[in-house]
Visitor: 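Below: one structure in structure tokens.
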Amino acid sequence: MSNESTSAPNFIRNQIRDEVEAGRVDTVVTRFPPEPNGFLHIGHAKSICLNFGVAEQFDGACHLRFDDTNPAKEEQAYIDAIKEDVSWLGFQWSGGVRYASDYFDQLYAWAQHLVREDKAYVDDLSPDEIREYRGTLTEPGRPSPYRDRSADENLDLLERMRAGEFAEGEKVLRAKIDMASPNINLRDPILYRIRHARHHQTGDKWKIYPSYDFAHGQSDAIEGVTHSLCTLEFEDHRPLYEWFIENLPVPSTPRQIEFARLNLNYTLTSKRKLKLLVEEEIVDGWDDPRLPTISGMRRRGYTPTSIRKFCEMIGVTRADGGLVDIAMLYHAIRTDLEDNAPRAMCVLNPLKVVLTNVEASHEEVYEVPGHPARDDMETRRLPFTRELWIDRDDFMEEPPKKFFRLAPGQEVRLRNSYVIRCDEVIKDDAGEVAELRCSVDFDTLGKNPEGRKVKGVIHWVSAAHGVPVEVRLYDNLFTVEQPDKDRDADFLEHLNHESLVTVQGIGEPSLATAKPEERFQFERVGYFCADRHASREGRLVFNRTVGLKDSWAKIQKKG
RNA sequence: UGGGGUAUAGCCAAGUGGUAAGGCAGCGGUUUUUGGUAUCGCCAUUCGCAGGUUCGAGUCCUGCUACCCCAGCCA
């Protein structure tokens with residue numbers, strides 16, 4: 001994949017460039033460090049593009065390392081899904097997959113080192129007591145009564161914690177820093193807690209697990225990571241990150257740089273809330289096409305290129321509280337698919353048209369381009385017959401002034417075919433339009449009619465040849481820009497109940513062989529992707545990735 | 001009323017003392033057998049606010065204001 005989509009400059013790239021030019025860094029090493037407790041989403045894509053993009057730009061390396069320090073919340077299934085997503089986005093991590101748990105032995109030895117240096121101690125306070133002793137944002141904390149145990153006693157207790165002699169919550173290992181620090185993270189942070197849980201990588205070997213703070217920076221140091229890029233909420237942890245690096249005999253000195261996380265309107269990027277939507281079966285799994293998960297976007301029809309392009313467009317800064325317009329994402333996928341998706345005609349809401357001056361036995365087949373601007377794409381065969389389907393939206397019995405489509409007595413161009421005129425409207429018993437009787441102007445194939453201008457062009461499918469397709473029309477999952485804005489209110493109240501509308505349509509014959517994940521532009525309608533789970537030959541299911549821009553809808557809206 | 005951050009157009013975002021890039025959205029024209037695409041044009045006398053320094057300030061100084069993050073044995 002080209003590095004074009006991951007090369008936009010930003011403050012982090014500039015800083016690293018300066019360091020490289022000044023000779024302060026040799027080989028740049030970054031890492032993408034997900035916790036395997038859920039699926040990756042568009043916010044992670046931003047981080048992935050940054051980390052892998054930086055490594056690529058400076059001819060360095062980017063590691064994939066699972067931050068697996070909390071076995072209670074993590075699963076192998078998430079690890080598999082995350083690897084798949086990163087690969088699908090088009091990135092290759094350097095070396096094998098890494099795990100923080102690979103370093104548990106070293107981390108434990110370093111914990112002992114801190115104890116020996118009188119920089120860590122075992123605390124018997126309960127979780128509630130620890131919170132109480134920690135103080136508040138405005139008041140300093142107080143030292144734990146267990147803070148001054150001897151190194152030998154601490155070493156012994158730590159060893160027994162590891163051996164599983166104590167119950168969960170009974171003891172923790174804490175760094176001895178400063179209970180009065182205005183930075184709460186420095187008030188004797190917890191290094192190890194007891195968890196009698198089976199770990200997906202290390203099995204039953206450990207009864208104690210390191211905290212994020214104690215594991216992350218040291219893992220970076222072990223791997224030779226030079227730049228540890230993370231989001232803004234870890235800014236307050238940086239002094240602690242550096243404290244460990246300075247107080248431990250680590251093999252390298254990584255530096256943490258923070259950037260703002262992505263907020264996208266009309267969507268959620270909280271892993272906890274996404275998980276809830278999945279577990280409550282409000283959506284169809286982690287890869288539901290309405291979710292901003294990488295796998296959901298993939299199933300929806302987004303391309304890796306479009307996601308990388310989007311990440312380039314939004315940039316990387318330290319400005320927080322912003323909200324990116326989802327229109328940017330739509331733009332990114334439209335531009336990719338405009339260039340690369342083959343075209344087809346598909347009627348979503350069929351209305352029968354009978355061409356009265358065409359014989360019932362008549363059939364002609366056009367060979368039409370797969371893409372209007374790309375002759376490298378295969379052509380498709382398009383049969384034309386007496387009876388056709390068109391979209392109901394393309395007919396109005398009483399059209400407004402600027403309606404260029406079909407109406408009684410009005411002419412329209414059938415895409416790739418003739419100009420027809422609507423002569424008669426046939427209604428059913430309920431008064432609904434059931435069928436249109438039209439006549440063909442046979443002197444209009446590949447040329448404009450004489451003496452008049454026909455501005456409208458509509459898509460159509462031969463009734464004798466069309467193939468049935470199920471089309472899933474997706475829209476934003478939420479009706480408001482920030483569904484989780486009110487912390488107290490339930491974000492589920494803002495669910496868009498029309499976020500999925502399924503219709504039965506009729507596609508042109510070339511669609512019959514569509515493979516799962518194959519993408520098309522349904523001309524005049526939008527971009528669609530054959531569902532990777534449900535679609536197969538004989539039972540076609542398409543997901544709408546995004547609609548085409550619709551200036552007619554705008555005109556109508558304005559009245 | 002603790003600490004750490006951030007403010008440039010409706011949205012994202014360049015800009016590092018020399019006179020406000022780019023993209024999205026929007027608006028208008030041209031082209032068009034997709035009301036799509038492409039293409040052309042318009043869209044910040046001003047950078048959260050108020051002062052100050054300077055020949056010159058989005059950039060430096062002072063003081064305000066708004067918003068985000070932190071009191072998990074989550075990451």
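Since we're looking at a predicted model, the values are computed, not measured. Throughout, protein chains are lettered first and strands after them, A, B, ... in sequence-line order, and every chain is numbered starting at 1.
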Visitor: Expressed in whole Å, how much space separates the P atoms belonging to B:U16 and B:G58?
Guide: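 That atom pair is separated by 12 Å.
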
Visitor: Suppose we define a pair by two distances each less than 3.5 Å, Watson-Crick or G-U wobble; what does B:C67 pair with here?
Guide: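 By the stated definition (distances under 3.5 Å), B:G5 pairs with B:C67.
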
Visitor: Select from A:Lys554 and A:Asn10 the residue whose nearest nucleotide in RNA chain B is closer to the 5' end of that strand.
Guide: A:Asn10

Visitor: Could you tell me whether the side-chain ring of A:Tyr212 sits stacked on the base of B:A75, using a centroid cut-off under 5.5 Å and a plane angle under 30°?
Guide: no

Visitor: In whole Å, measure the gap between the P atoms of B:G36 and B:A25 for me.
Guide: 13 Å

Visitor: Mind checking A:Ile326 for me? I need base, sugar-phosphate or nothing, with any heavy atom below 4.0 Å counting as a touch.
Guide: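 Touches nothing.
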
Visitor: Using the ring of each side chain (for Trp, its six-membered ring), is A:Tyr366 parallel, tilted or perpendicular to A:Phe384, with breaks at 30° and 60°?
Guide: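 Tilted.
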
Visitor: If you check the A:Asp325 side chain, which of B:G23, B:C11, B:G35 turns out closest?
Guide: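 Minimum distance to the A:Asp325 side chain belongs to B:C11.
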
Visitor: If each of A:Ala327 and A:Gly315 is mapped to the nucleotide of RNA chain B with the nearest heavy atom, which maps nearer the 5' terminus, i.e. the 5' end?
Guide: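 That would be A:Gly315.
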
Visitor: With a 3.5 angstrom cut-off on both distances, give the Watson-Crick or G-U wobble partner of B:U32, or none if there isn't one.
Guide: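 Per the H-bond distance test, none.
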
Visitor: Roughly how far apart, to the nearest Å, are B:C60 and B:A14 at atom P?
Guide: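 Between the two P atoms, the distance is 16 Å.
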
Visitor: Determine the contact category for A:Ile314: base if any of its heavy atoms lies under 4.0 Å from a base atom, sugar-phosphate if only primed atoms, P, OP1 or OP2 are that close, otherwise nothing.
Guide: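 The answer is sugar-phosphate, as A:Ile314 gets under 4.0 Å only of primed atoms, P, OP1 or OP2.
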
Visitor: Write down the partner of B:U45 under the Watson-Crick or G-U wobble criteria, each distance required to be under 3.5 Å.
Guide: none

Visitor: Ring centres under 6.0 Å, that's the criterion: do A:Tyr527 and A:Phe520 meet it?
Guide: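 Centroid separation for A:Tyr527 and A:Phe520: 6.0 Å or greater.
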
Visitor: One thing to verify: whether A:Arg343 and A:Glu338 come together as a salt bridge, which I'm taking to mean a side-chain N less than 4.0 angstrom from a carboxylate O.
Guide: yes

Visitor: Using purine N1 to pyrimidine N3 plus N6-O4 or O6-N4 for Watson-Crick, or N1-O2 and O6-N3 for G-U wobble, each under 3.5 Å, what pairs with B:C55?
Guide: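 With both distances under 3.5 Å, B:C55 matches B:G18.
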
Visitor: Looking only at N and O atoms, is any donor in the side chain of A:Arg405 or the base of B:G35 less than 3.5 Å from an acceptor on the other one?
Guide: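 It does, because a donor-acceptor pair links the side chain of A:Arg405 to the base of B:G35 below 3.5 Å.
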
Visitor: Over how many whole Å does the gap from A:Phe310 atom CZ to B:C11 atom P extend?
Guide: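 Going from CZ in A:Phe310 over to P in B:C11 covers 16 Å.
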
Visitor: Report the distance from atom CG of A:Leu329 to atom C1' of B:A25, rounded to the nearest whole Å.
Guide: 14 Å

Visitor: Can you check nucleotides 37-44 of chain B for protein contacts, nitrogen or oxygen pairs under 3.5 Å, and list what you find?
Guide:
{"unit_1": "B:U37", "atom_1": "O2'", "unit_2": "A:Glu338", "atom_2": "OE2", "d": "2.9"}

